[in-house]
There are 2 protein chains.
Amino acid sequence: MNFNHLDGIVPFDLVTKIFELMEQRNFPKNQLLHEQGAVCKEIFLIQEGLARTFFYKDGKDITVHLASEGEVITAVDSIISLKKSRYHVELLEDSTVFSISYKTLQELLSQHPEYEKYVRLVLERMYTEGADRIEEFLFFSAKERYENLVRTRPQIIQRVNLGHIASYLGMTQETLSRIRKSI
Amino acid sequence: MNFNHLDGIVPFDLVTKIFELMEQRNFPKNQLLHEQGAVCKEIFLIQEGLARTFFYKDGKDITVHLASEGEVITAVDSIISLKKSRYHVELLEDSTVFSISYKTLQELLSQHPEYEKYVRLVLERMYTEGADRIEEFLFFSAKERYENLVRTRPQIIQRVNLGHIASYLGMTQETLSRIRKSI
DNA sequence: GTTGGCTTTTGACAATTGTCAAAAAATCAA
DNA sequence: TTGATTTTTTGACAATTGTCAAAAGCCAAC
């Protein structure tokens, strides 16, 4: 298994320790891993399958984040702040996920502060990825954003329905359908 | 002085230690703190003044980030990865900034790993802020993005020229001028 | 195979935002 | 104060993207 967010950063013994603390579970497609309005306590690592965070804005369903094998997903607006989350976290396929509570992770770090460094490095990487996504919106048209996604995450295109991809890219489904036809 | 990115998170002794390692310098308006194409080695903390990161896309000058008193600014696409940066970092006013090299900061953390936790907390906050900015683009129109900025960072509106604010919000200067008139 | 539900495409039209050029306003330095 | 420079506004028009409604396509369950 390849955990994009950890690979090349986190030493094997920490990966092992974290995995010992994680629970492996199977869920069917459409299962909610977390619901809007609740405080999110868990971080999910996708072993097999696909998940998204989304919420409703003016009745429209908007996908905020997509995670596939080896990627991490949680309600970022809640897990750290402990505020009620605006997001749902939903599986888009039958999936196998590992989960760990943020509290457990923090306890691990208290007991083994030598691991803090690696969490920092993972966060640095996540922050950089977020900065890149902001740039997408600053510099690229709807069509360019789609082309960039096709290039960087082709597996997403195959497996996620058009409506979710469109809202993830900040456009309507109709626009994405037309963009796709025009290429 | 109020350092938004640190306040309420970082204990006083660490703030003190970091400040001991930082160099305080004054620069005039328009000074570049970092140039595109170079690897960025330093992180800047604005004590007094205003800075932005920006770059050229198809000849147009696009502002990626804005930082005022108490905020941190650097070339995020380079400082961690050590890749050549796409960004310039520029002062928009005569400013007093503290600077510390990323290397020095890492050395401090090696010697005092008990501080790693606080850097992690700062990064978590920065990551969350980034996630909020992505949401801005997913959920809000040009007009709403401007109104949100007026609400959350009114001092920016007063001090930064329209063109920079417009590109920071992902729109043209003409559009922002018209939005402003319509409110 | 047929049915029913979900997803994607299409059409007609509207709203938003961008482009280019020029005028007006504000700022700054001599 | 004045002239030069920069910033902001305006106008006319074009391109992009959104909205709403309906049709077409797809797929799984019966």
Side-chain angles (χ1 to χ4, degrees), chain A residues 28-32 50 52 54 56-63 66 88 90-94 134-150 155-183, chain B residues 28-32 49-50 52 54 56-63 66 88 90-94 134-150 154-183:
Chain A
K29 178 174 174 173
N30 298 325
Q31 171 82 37
L32 292 179
L50 199 56
R52 66 171 183 138
F54 75 102
Y56 294 99
K57 150 99 175 169
D58 305 335
K60 281 169 298 189
D61 163 336
I62 297 186
T63 296
L66 288 164
H88 296 279
E90 179 192 60
L91 292 176
L92 298 176
E93 299 176 352
D94 296 347
I134 293 168
E135 275 196 29
E136 283 280 299
F137 288 102
L138 291 180
F139 308 137
F140 296 108
S141 67
K143 183 171 181 177
E144 290 169 322
R145 294 201 299 277
Y146 176 68
E147 288 170 344
N148 289 346
L149 187 66
V150 169
Q155 70 296 4
I156 294 291
I157 307 291
Q158 306 305 321
R159 294 161 66 185
V160 180
N161 80 38
L162 205 66
H164 296 158
I165 294 172
S167 68
Y168 177 75
L169 292 173
M171 67 188 80
T172 63
Q173 171 171 313
E174 294 92 331
T175 295
L176 182 52
S177 176
R178 287 175 179 120
I179 282 170
R180 207 156 65 154
K181 200 175 58 159
S182 78
I183 292 178
Chain B
K29 179 173 176 174
N30 297 324
Q31 171 82 38
L32 291 178
L50 199 55
R52 66 172 184 139
F54 74 102
Y56 294 98
K57 152 101 176 166
D58 306 333
K60 281 170 298 188
D61 164 335
I62 297 185
T63 295
L66 287 165
H88 296 278
E90 180 191 60
L91 293 176
L92 298 175
E93 300 176 352
D94 295 347
I134 292 168
E135 276 194 30
E136 284 279 300
F137 288 102
L138 291 180
F139 307 138
F140 297 108
S141 65
K143 184 173 179 175
E144 290 169 322
R145 294 201 298 278
Y146 176 69
E147 288 169 343
N148 289 346
L149 186 67
V150 169
Q155 69 298 5
I156 294 290
I157 307 292
Q158 306 307 320
R159 294 162 65 186
V160 180
N161 79 40
L162 205 64
H164 296 158
I165 294 173
S167 68
Y168 177 75
L169 293 172
M171 68 189 80
T172 63
Q173 171 171 316
E174 293 91 332
T175 295
L176 182 52
S177 175
R178 288 175 178 118
I179 283 171
R180 206 156 65 156
K181 198 174 62 159
S182 79
I183 292 178

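Computed from heavy atoms alone, side chains included, the values below leave out hydrogens, waters and symmetry copies. Proteins get letters first, then strands, A, B, ... in listed order; numbering begins at 1 in each.
- In this structure, the CZ atom of B:Phe140 is 16 Å from the P atom of D:dG18, given to the nearest Å.
- Of all the heavy atoms in B:Ser182 and B:Ile179, the pair that sits closest is OG-O, 2.8 Å.
- The bend of the helix from C:dG1-D:dC30 to C:dA30-D:dT1, defined by the angle between the axes of its first five and last five pairs, stands at 40° to the nearest 10°.
- Closest non-hydrogen pair, A:Lys57 versus A:Ile62, comes out as CB-CD1, 3.8 Å.
- Atom pair B:Ile62:CD1 and C:dG18:C1' shows a separation of 13 Å (rounding to whole Å applied).
- Residues satisfying the side-chain hydrogen bond (donor to acceptor under 3.5 Å, both in side chains) criterion with B:Thr172, sequence neighbours excluded, are B:Thr175.
- Applying the salt bridge (charged side-chain N to carboxylate O under 4.0 Å, His left out) test to pairs two or more places apart or on separate chains, those with a residue in residues 157-183 of chain B are B:Glu69-B:Arg159, B:Glu93-B:Arg159.
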Using the 3.5 Å cut-off, write out each protein N or O paired with an N or O of nucleotides 26-29 of chain C and the distance between them.
none

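- In this structure, B:Ile165 atom CD1 and D:dT6 atom P are separated by 19 Å, rounded to whole Å.
- B:Phe139 has its CZ atom 20 Å from the C1' atom of C:dT16, to the nearest Å.
- Within a 6.0 Å radius of NZ in A:Lys29, other residues, nucleotides and ligands contribute 12 heavy atoms or fewer.
- Of all the residues in residues 169-181 of chain A, A:Gly170, A:Met171, A:Thr172, A:Glu174, A:Thr175, A:Arg178 reach under 4.0 Å from DNA chain D with at least one non-hydrogen atom.
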Evaluate A:Val160 against A:Tyr168 for side-chain contact (heavy atoms from CB on, under 4.5 Å), listing each step before the verdict.
CA-CA 11 Å; A:Val160 180; A:Tyr168 177 75; over 6 Å; no
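- For A:Arg145 and D:dT16, the CZ to P distance is 13 Å, given to the nearest whole Å.
- Atom pair A:Arg159:CZ and C:dT8:C1' shows a separation of 20 Å (rounding to whole Å applied).
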List, one per line, each side-chain donor-acceptor pair under 3.5 Å for residues 137-148 of chain A, sequence neighbours excluded.
| from | atom 1 | to | atom 2 | distance (Å) |
| --- | --- | --- | --- | --- |
| A:Ser141 | OG | A:Glu144 | N | 3.3 |
| A:Ser141 | OG | A:Glu144 | OE1 | 3.4 |
| A:Glu144 | OE1 | A:Ser141 | N | 2.8 |
| A:Arg145 | NE | A:Leu169 | O | 2.8 |
| A:Arg145 | NH1 | A:Phe140 | O | 3.0 |
| A:Arg145 | NH2 | A:Leu169 | O | 2.9 |
| A:Arg145 | NH2 | A:Gly170 | O | 3.3 |
| A:Asn148 | OD1 | A:Arg151 | NH2 | 2.6 |
| A:Asn148 | ND2 | A:Glu136 | OE2 | 2.9 |
| A:Asn148 | ND2 | A:Glu144 | O | 3.4 |

Please produce a list of atom pairs where a protein N or O lies less than 3.5 Å from an N or O of nucleotides 26-30 of chain D.
none

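- Put simply, the side chain of B:Thr63 never gets that close to the backbone of B:Ser167: no donor and acceptor are under 3.5 Å apart.
- Separating the CG atom of B:Leu162 from the C1' atom of C:dA25 is a distance of 13 Å, rounded to the nearest angstrom.
- In this structure A:Pro28 satisfies the side chain to side chain contact (heavy atoms under 4.5 Å, CB included) test together with A:Gln31, A:Asp94, sequence neighbours excluded.
- Distance, A:Glu144 CD to D:dA15 P: 16 Å, rounded to whole Å.
- Taking the side-chain hydrogen bond (donor to acceptor under 3.5 Å, both in side chains) definition, one finds that A:Glu90 meets it with A:Arg52, sequence neighbours left out.
- Within the 4.5 Å cutoff, the side chain of A:Leu92 has heavy atoms near those of the A:Leu66 side chain.
- A:Tyr56 is linked by a side chain to side chain contact (heavy atoms under 4.5 Å, CB included) to A:Phe54, A:Asp61, A:His88, counting only residues two or more places apart in sequence or in another chain.
- Side-chain N/O atoms of B:Asn161 include one lying less than 4.0 angstrom from OP1 or OP2 on D:dT8.
- The distance from the CD atom of A:Gln155 to the CG atom of A:Leu50 is 8.5 Å, given to the nearest 0.5 Å.
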